[in-house]
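Below are the structure tokens for one structure; questions will follow.
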Amino acid sequence: MDKMKDIEWAKINKDVLGSLESPRMIFWVVLAVCSLLVAAGVAAEAYQYNEGLGVALMNRPHFWQLYISNFIFWIGMSHSGTLLSAVLLLTNADWRKPIYRFAEAMTLFSILTAAFFPVIHLGRVWNLYWVMPYPNERTIWPNFRSPLLWDASAIFTYATSSALFLYIGMIPDLAICRDNAKGWRKKLYSMLSLGWMGRAREWLAFRKTYVLMGCFLVPLAVSVHSIVASDFAMSIMPDWHITSFPPYFVAGALYSGCAAIITLFVMLRYIFKFEEYMTVDIMDKIAKLTFAIAMVWNFLNFSEYASIWYSNDMYEKEVLIQKLIGPYWPVVWGMLLCSTVAPFAMAFEKFRQNMWAMFVLSIIIQLGMWLERFQIVSPPLASNHEPWTWAVVWPGTVQMTITAASFGWFTMLFLIFCKVFPSVSMYEVKELVFHHRRVSARSEIEDLDKEKEEALRAQEGVA
Amino acid sequence: MWQKAKALNLYKLLGHRGLMLVMAAMLLSAGTAWADDVSNAKQPIHFPHYIHAGKFKINCMYCHTYARRSKVAGIPPVAKCIGCHKHIPAVRNKPRIKKLFSYWKRKEPIPWLKVHDVPDFVYFTHKRHIRRFIFQDGRPTQQVCGMCHGDVKTFVTARKIRPLTMGWCLSCHRQFQGDSDIGKPMPAKRWMIPVAATDKPVMQVEYPQPAVLDPEHPKTMTHSEIKRMSDRLPKKIRDHLVHAPHDCWKCHV
Amino acid sequence: MSRNTWSRRTFLKAMGLGGAGSALVLSGCGDTDIINEVDLEVRKEKVEPQVDPQDFVRPGIAMFYASTCQQCPAGCGIHARIRQGRVLKLEGNPASSVNHGRLCPMGQAGLHGHYNPDRLTKPMIRKGGKLVEVSWDEASDTLKSKLGRKNSKLAWLSGAISGHHAALIDAYLEAAGSKNFFVFDTLPPAVGHATNEEMFGSAMPRYDFDKAELIVSFGADFLATWMSPVHFPTQYAKFRKAPRGTLVQIESKMTLTGANADRWIGIRPGTEGYLALALASLLAQDSEYASRVPASVADELKGVDVDAIAKLTDVSVERMHHLHHMLASKNPSLVLSGPSAEGVEYGSETARAILLLNVMLGNVGKTILPRSEAPFPNLTPRMGGWSEAKAFLDGLDSGKYDTAVVFGTNPIYQAPEFMHADKAFSKAKYRIAFSMFPDETTMACDLVLPIHSYLEDWNTTMPAYSPEDGYLGLQQPVMNPVFGEGSTRSFGDLLLEQVKVLDPKFKHWKNYEAYVIGALTTMKPALINPPKPTVPGQTEAEGFKQGILSDGFVHMKVNKPKAIRAKVETVNLPKPPQQDSSYPFRLIPSPRLGLWDGRHANIPWLQELPDQLAEVVWDSWIEIHPKTAAKLDVETGDVVSVKSSKGSIKVKVAVFPGIHPEAVAIPLGQGHTEYGRYAKGIGVNPYSILEPKFDAKTGELATYATNVQVTKVADRGPIVTLAHGDLVLENGSNSQAGRKIVKTVTARQFDRTEEEG
Amino acid sequence: MALKRMLENWSDFRKDDYYDDTPYMWGMAIDLNNCIGCGACVTACYAENNLPVVGKEHYSRGHAMHWMRIERYWDDPDGNTDVDIAGKPDIPFDGHHDNSNDPDAVTFPERGAHYIPMMCQQCNHAPCEPVCPVAATYHSPDGLNTQVYNRCVGSRYCGNNCPYKVRYFNFFNFWEDLPHPLEMQLNPDLSVRDKGVMEKCTFCVQRQRAAKDAAEDAGHPDYVEDGAVQTACQQGCPTQAIAFGNLRDPNSEVSKLWREHQVKLNHYEQEKDEDIRGYRVLEDLNIEPSVMYMDRVRDTEA
């Protein structure tokens with residue numbers, strides 16, 4: 001652990017700024033793949049746009065499908081960033097410092113990704129703006145009772161504020177970049193860093209703002225996903241109309257988010273050679289956190305099953321049964337396997353501290369959580385109140401393509417971010433190093449004191 | 001109607017392409033001129049309203065006779081034009097009259113271009129408005145028609161001078177009726193503002209009007225009778241608040 | 001009652017001012033709803049005023065014209081909703097005693113036949129082996145040269161026909177010196193008609209449903225395809241009012257009637273007659289019933305072995321005794337015999353065995369009422385049957401006839417393979433078709449004459465089953481020809497031309513309209529209170545015409561019918577044929593309410609209307625009982641090959657509980673090789689593989705007597721049902737899954753509460 | 001303004017019997033004793049309401065646009081293929097139950113099929129209404145569950161939230177290739193719906209409007225005689241199983257039926273006498289549907 005105190009501050013700057021240039025080959029490969037995916041997605045959407053939503057193979061009763069699942073998935077992923085930066089900031093957890101920057105970036109980008117899906121999924125996209133409450137001479141307003149409307153506002157709020165949070169936290173680093181950059185980067189950074197000179201007054205104001213933003217973001221994050229949950233909880237569909245959905249969704253969000261952080265953690269560590277900063281014991285801490293959240297999520301999940309089972313409500317029980325033994329069983333059991341069974345591996349320290357094991361596990365968990373979102377949306381529609389309309393529909397090529405594209409889009413944004421902005425917070429890592437030095441220094445002094453005392457005692461003994 | 005759906009659809013498709021959308025929006029906002037002015041679309045016969053309605057002061061509903069009976073005002077059938085014009089030898093040699101008679105000989109309908117065109121989903125009935133303003137309030141016909149169709153007696157062929165958009169309809173209905181209740185009786189004098197500067201009451205409604213829109217019961221009522229009948233109507237006709245801003249369903253089918 | 005009063009009156013007035021079709025100009029008015037074209041440059045619609053409308057025509061206000069439905073021989077009265085000269089909706093004529101203002105799916109869908117994009121619009125003549133479109137002048141000249149001369153070798157085949165079409169065809173054939181008039185319609189129960197004729201003296205006695213306390217129907221699907229799809233349901237509604245009548249349906253494949261029966265008895269196919277005999281013998285033990293039939297017959301019945309029949313029919317003895325108990329306790333009752341019972345070699349005997357029950361139970365005169373003889377015999381409906389089709393085809397085949405005229409029927413599609421209809425047709429020297437659609441038979445003809453739809457033409461019709469004697473439905477054009485003047489023509493006009501050539505008596509008829517109206521005017525004294533002028537200034541003739549056309553039908557005076565004297569002889573059913581082990585299943589070509597016998601397969605609405613039992617759309621399928629399916633190891637969606645001794649077809653399986661395990665059912669109506677975009681190439685036609693078995697007595701084709709073998713074929717395809725085709729969850733579309741969606745109470749509870757309420 | 005009005009009259013909005021003073025409350029009563037499942041109503045609806053024919057492929061994908069469908073079940077709510085009845089059949093013999101114990105016995109649905117016509121139930125606590133983000137569907141004072149096509153943005157939440165799944169979404173533009181002259185049949189009283197719009201049964205609102213129009217001309221705008229409005233399905237039904245009318249009018253046929261069968265609009269469980277047949281599908285969800293069904297009847301002694 002104490003390797004950290006030996007890190008030169010100049011080295012920190014060098015490493016991080018270095019990450020802005022000359023990436024490994026793998027970077028370009030991944031970027032290319034992602035852009036291809038995005039292109040495919042755009043094509044698919046254009047096709048669906050001209051033909052009509054039918055090409056996505058949705059139907060009655062499956063009016064909603066993969067688009068909504070993805071929407072929840074991405075919104076969920078966005079939560080971990082806020083958690084790490086805001087919550088851990090407020091709780092003064094030091095180990096967050098090397099990793100919160102990309103976590104926040106992840107937050108922002110996954111919101112941007114999520115925001116696409118409600119739009120794509122509209123029947124008449126060209127009338128999207130009707131959902132927004134805008135003043136008009138006919139005094140026609142959207143329906144304020146509709147959760148979809150809350151969604152729209154929540155997402156916008158969340159997107160703006162987390163963008164701000166990310167930006168504010170970056171200002172000192174941008175200043176550093178500005179000082180070391182040339183060409184267009186110089187222009188960009190000097191514009192963004194708002195003339196940061198690192199004066200005491202600036203630091204004071206900066207700290208205040210940052211903490212305040214943190215305090216604002218925590219409840220916001222919780223509320224956003226609760227609102228997303230209310231899209232379902234507010235309906236009367238069996239197995240959607242569930243009181244415990246908001247906390248369940250929030251837990252699930254944090255869960256998948258943490259998994260995503262682990263993934264990116266390992267990737268960055270490998271791609272940008274951040275081994276010194278993203279140390280094993282930080283990973284250990286994240287893993288512990290993830291494990292805790294996983295347990296919370298599982299508890300909520302099973303308590304939901306139990307309450308359905310014991311409530312003995314005809315409609316909901318039917319859905320539960322159909323989920324477990326019906327045509328959607330692969331999804332549901334897949335989810336249980338990936339998100340309920342797998343995380344127990346994190347109970348073992350050896351596993352927690354093995355980067356690649358954690359990488360694989362995080363991928364598995366995310367897969368599980370994605371399946372979870374799918375099984376939230378589809379099975380209840382498949383076996384709804386009206387037995388006559390029961391039907392099973394699996395998402396078609398168009399939906400799948402657009403889903404893949406969303407992953408491509410997210411990764412693309414993230415990679416580009418890493419090339420343009422410091423993905424590790426330099427000044428906070430410096431703080432971390434400084435802290436470590438303080439600690440080790442103090443322990444040295446204590447050792448000296450001990451020696452002194454012993455020497456004295458020895459003398460007394462002689463006397 | 002189906003072609004109409006297609007036409008709208010085509011228009012929407014135009015709007016779809018991102019750039020085209022912007023252009024379309026600009027053009028529309030540039031005024032209803034582009035969308036609604038038919039000066040660029042030539043009518044088959046250059047029909048002079050200013051002569052018929054202006055010079056001869058023919059009542060609008062002499063030709064547009066369905067206005068008080070149906071939800072549409074109706075274009076006069078060719079027979080109606082002929083009915084007068086075969087007794088007017090003076091103008092017989094004018095080209096447009098010649099054209100008219102040629103249609104009559106071929107027993108062909110005259111393919112007028114539609115000027116006042118509201119979307120399919122709009123339910124608008126001339127009958128209601130005519131009965132309300134002419135038979136109940138006894139206002140001059142041309143003035144009432146002018147509320148929506150402008151000062152036609154100065155036109156040659158009809159032009160669309162009111163937007164006929166939902167917002168525009170509401171602008172009257174709300175201005176004179178409070179918030180949400182379309183169809184509440186309007187105070188009469190509010191409408192005495194002349195439609196055009198040159199406007200003055202043209203003729204009083206004295207000719208008999210069917211009270212019940214029943215072609216087989218040409219039971220005629222005097223204006224006072226109609227007044228009495230209308231007074232029997234309860235004050236709160238279709239006067240409710242609804243969750244949505246307006247009773248959309250009253251206009252949107 | 002059915003609509004705002006003004007419409008009725010408008011429509012009276014309408015008729016007051018002469019023919020509807022002739023006066024309306026098909027073009028829009030100031031209304032937004034007729035767009036002749038959209039000028040896209042200025043994005044403007046053209047709005048065209050009428051040229052010279054009558055003053056009752058109001059843009060934006062609909063009018064209703066009365067006419068008669070021609071979608072099936074039932075002849076229901078209709079009101080057509082007209083706006084701007086377009087017919088938009090068909091509704092039942094409330095005044096008509098046939099359908100009381102109601103209409104079946106086929107009647108509703110008449111519009112899609114009328115506006116069908118595949119309608120023939122130009123006459124066609126076969127030149128160099130293929131049909132080419134020609135001008136009407138050429139066509140009518142050819143027609144005159146072919147029909148406008150005496151020709152004893154001319155054979156005329158028409159669908160079920162009645163009224164003045166029938167009269168005119170008669171007149172023509174007489175003038176042309178030909179006696180070869182054949183009527184062929186697949187669904188009307190010819191055997192039943194013959195047997196009724198024999199036993200009760202009228203092919204179709206009047207049934208009094210609402211008097212009956214119990215109806216036992218041996219495969220008579222009177223709610224759907226048994227002669228009158230609307231009239232019988234209206235009667236059924238009365239029959240089901242409290243005190244609620246009981247319906248027992250005995251058949252091998254559940255029909256719509258069976259689906260509404262209180263007790264559906266799945267009997268072994270082809271054994272209905274034996275069951276009837278057994279019941280008769282059980283009744284015969286009671287002297288009250290035995291006394292109603294001749295002693296010889298009664299003695300015969302005593303000898304029937306009930307237990308053997310129980311084995312044979314697969315109906316348990318308890319069930320028979322229970323039926324006997326019901327027949328004895330519920331009085332009066334009504335026993336019906338339907339096509340599925342009669343469609344076997346011993347069909348007439350079966351029918352007689354079944355109708356015998358009515359005699360024994362004394363229903364004759366109570367629920368089975370006599371007919372009075374028709375005042376104008378040449379207007380009475382002719383249902384025809386397979387025997388006539390066979391005679392026609394054989395005649396062509398043997399060269400007995402050289403000229404074939406087909407009107408309103410489609411033998412090449414309907415006749416089984418073994419009849420070789422196409423071959424017979426090709427033998428004829430010249431073939432003429434009066435047709436609306438390019439169906440199989442039409443396309444095989446040399447001269448094709450596109451005719452008006454029944455919504456564009458004049459005619460009169462007598463219902464196949466008319467609830468009251470002397471009912472004559474009138475048919476008038478409710479709009480101008482869809483494809484404009486000079487495209488299609490009235491069948492009546494075309495034929496009248498030919499008659500004129502041959503028979504001077506007809507010279508003075510200007511056209512078919514004049515002929516029909518003239519005929520009706522001459523019938524005037526024979527009518528019950530003929531209408532008088534209503535509008536001042538109307539002449540007597542105008543008033544009469546307006547009156548009858550606005551009613552949509554006339555009632556002819558009839559004298560009181562004589563009471564039925566039932567003619568009963570001993571029923572001698574043959575020993576039941578042994579089941580051939582190589583063809584273990586009985587094929588049931590089940591007619592659908594909708595596609596009927598295939599004539600409506602080109603109507604999109606009816607293709608998309610799910611079958612009432614299997615809920616399948618746009619397809620044909622074979623219904624197999626779950627047990628049999630298990631034995632054959634097939635499930636819904638699998639493709640099987642159905643093979644009879646006369647051919648085989650491939651069709652998808654729909655596992656269906658309402659069918660006897662020894663029977664398989666393939667619905668009629670699909671399997672067209674022509675007939676437009678909506679019908680062509682969909683499904684199969686079960687008639688094609690029928691075996692040459694005929695009713696011994698009447699010589700009718702035994703359509704329910706074919707045995708087939710069913711074998712699984714490798715490939716499988718989706719069955720498209722109302723509940724999302726092959727996407728349905730396990731049993732999703734059949735089970736209420738515990739939801740209270742359709743609840744059931746007993747008749748006893750029903751009667752109690754209804755009497756209280 | 002709408003907002004202002006909403007805030008001003010908040011108490012009104014919260015009122016349960018919000019529309020109690022309105023002259024109309026359209027309702028329906030369907031007698032399953034008469035319904036034979038023939039499908040005349042379905043075709044009539046196609047003809048009246050400009051419903052597109054989607055063809056086999058779309059149909060198989062569940063894109064059919066029939067506003068009214070006839071559901072056919074083989075079993076009763078308790079899952080018996082025969083009938084469930086209060087009170088045993090007098091005759092002990094019963095083909096189904098008798099040989100149900102021996103495995104190779106043949107069983108038929110001996111009591112026939114269970115038919116029910118299912119269309120929009122025009123709920124008064126409609127689940128579809130509050131969830132529409134743009135208020136394209138909302139409750140009219142006539143008790144109709146209105147859908148404003150050109151306001152709809154196609155979020156399809158209403159479709160999800162409809163317990164009967166009777167809302168139909170235009171997944172394609174089904175009118176694109178309608179061959180001439182089929183378009184001449186289209187009913188000019190209502191529009192054809194475009195791609196991406198939700199649609200559903202309207203209780204033939206165009207006919208209601210015509211009737212109201214006539215009533216207004218006749219001088220009684222707030223009263224339409226019973227029978228002046230007939231829905232297309234009601235008009236077509238050969239067995240007259242469907243009754244439609246104004247529930248506010250105490251003398252209308254439909255309100256008589258509702259009284260007689262002791263179904264109250266704003267109750268979610270009806271306290272009823274023994275053997276009363278009236279019920280509403282899924283009424284236990286407290287959505288107050290305006291369509292009452294009357295139990296199917298079978299003579300179990302047959």
Side-chain angles (χ1 to χ4, degrees), chain C residues 1 4 33 83 86 88-89 91 102-105 108-109 111 115 117 223 230 233-234 236-237 240 246 248 259-264 266 318 322 482 593 604-605 608-609 612 615 617-618 627 657-658 661 718 720 722 724-725 734-736 738 740-747 749-750 753 757, chain D residues 32-34 36-40 42-44 46-48 53 56 59-60 62 69 72-77 83 85 87 91 93 106 108-110 112-114 116 179-182 184-185 187-188 211 214 227-228 230 235-236 238-240 260 275-277 279 281 295-300 302:
Chain C
M1 140 258 192
N4 315 352
D33 54 18
R83 243 173 95 166
R86 294 183 302 152
L88 301 173
K89 178 94 166 60
E91 291 157 5
R102 309 286 153 174
L103 216 51
C104 73
Q108 300 274 3
L111 291 169
Y115 289 121
L223 288 183
V230 185
T234 51
Y236 168 87
R240 286 299 206 189
T246 305
V248 176
N260 290 285
D262 294 296
R263 169 71 69 184
W264 184 80
E318 302 94 317
H322 180 40
V482 176
L593 176 64
W605 282 342
E608 195 138 322
L609 175 71
Q612 287 84 356
E615 301 283 6
V617 295
W618 287 105
K627 263 180 86 63
V720 179
L722 178 55
H724 301 185
N734 296 336
S735 155
Q736 301 190 34
K740 290 213 173 346
I741 291 182
V742 185
K743 296 202 263 166
T744 309
V745 297
T746 61
Q749 291 164 307
F750 172 77
T753 49
Chain D
L32 298 182
N33 176 38
N34 286 9
I36 58 172
C38 64
V42 179
T43 325
Y46 268 84
E48 173 73 21
V53 172
K56 183 176 181 177
Y59 209 113
S60 70
R69 60 172 186 257
R72 188 263 298 119
Y73 297 101
W74 283 126
D75 69 350
D76 58 24
V83 279
I85 328 98
I91 314 296
F93 174 88
V106 179
F108 301 122
E110 297 208 335
H114 299 56
I116 181 170
H180 177 75
L182 277 179
M184 290 174 75
Q185 183 275 331
N187 185 352
Q230 276 198 323
Q235 195 174 33
T239 52
Q240 313 185 15
E260 187 179 313
D275 298 348
I276 295 288
R277 293 194 301 141
Y279 73 103
V281 176
D295 291 352
R296 163 180 178 268
V297 183
R298 283 294 183 264
D299 182 355
T300 44

Discussion item. For C:Ala109, which atoms come within 4.5 Å of any heavy atom of chain D: side chain, backbone, both, or neither?
Written reply: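 Both the backbone and the side chain of C:Ala109 come within 4.5 Å of chain D.
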
Worksheet item: Looking at D:Leu32, D:Ile116, D:Asn33, which one has more heavy-atom pairs under 4.5 Å with chain C than the rest?
Response: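 Maximum pair count with chain C is reached by D:Asn33.
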
Fill in: Under 3.5 Å: donor-acceptor pair, side chain of C:Arg263, backbone of D:Asp299
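Not at all, since once roles are kept as given, no pair shorter than 3.5 Å links the two residues.
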
Worksheet item: Between the side chain of D:Asn34 and the main-chain N/O of C:Arg240, is any donor-acceptor distance below 3.5 Å?
Response: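 A pair under 3.5 Å: no.
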
Practice prompt. Kindly say whether C:Val742 contributes a backbone atom to a donor-acceptor pair with the side chain of C:Gln736 at under 3.5 angstrom?
Written response: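 Yes; judged by distance alone, with no hydrogens or angles, the pair exists.
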
Fill in: N-O pairing of D:Asp295 and C:Lys740 below 4.0 Å
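No salt bridge links D:Asp295 with C:Lys740.
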
Practice prompt. Find the one option among C:Tyr236, C:Tyr115, C:Phe750 whose heavy-atom pairs under 4.5 Å with chain D are most numerous.
Written response: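 Heavy-atom pairs under 4.5 Å are most numerous for C:Tyr115.
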
Fill in: Proximity breakdown for C:Leu609 and chain D, heavy-atom pairs closer than 4.5 Å
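C:Leu609 touches chain D through side-chain heavy atoms alone.
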
Practice prompt. Examine whether an atom of C:Leu88 lies under 4.5 Å from a heavy atom of chain D, and if so say whether it belongs to the side chain, the backbone or both; otherwise answer neither.
Written response: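 The answer is both parts of C:Leu88.
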
Practice prompt. Give, as side chain, backbone, both or neither, the part of D:Val42 having an atom under 4.5 angstrom from any heavy atom of chain C.
Written response: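 Just its side chain gets close to chain C.
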
Discussion item. Given heavy-atom pairs under 4.5 angstrom as the criterion, report whether the side chain, backbone, both or neither of C:Leu593 touches chain D.
Written reply: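 Side chain only.
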
Practice prompt. Taking C:Asp262 for its side chain and C:Thr246 for its backbone only, find out whether a donor-acceptor pair lies under 3.5 Å.
Written response: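 Side chain of C:Asp262 to backbone of C:Thr246: no pair is present.
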
Worksheet item: What part of D:Tyr279 is in contact with chain C, defined as an atom under 4.5 angstrom from a non-hydrogen atom: side chain, backbone, both or neither?
Response: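 Only the side chain of D:Tyr279 comes within 4.5 Å of chain C.
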
Worksheet item: Just by modelled atom types, is the D:Ala47 backbone N or O under 3.5 Å from a matching donor or acceptor in the D:Gln185 side chain?
Response: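 Looks like yes, one N/O pair under 3.5 Å.
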
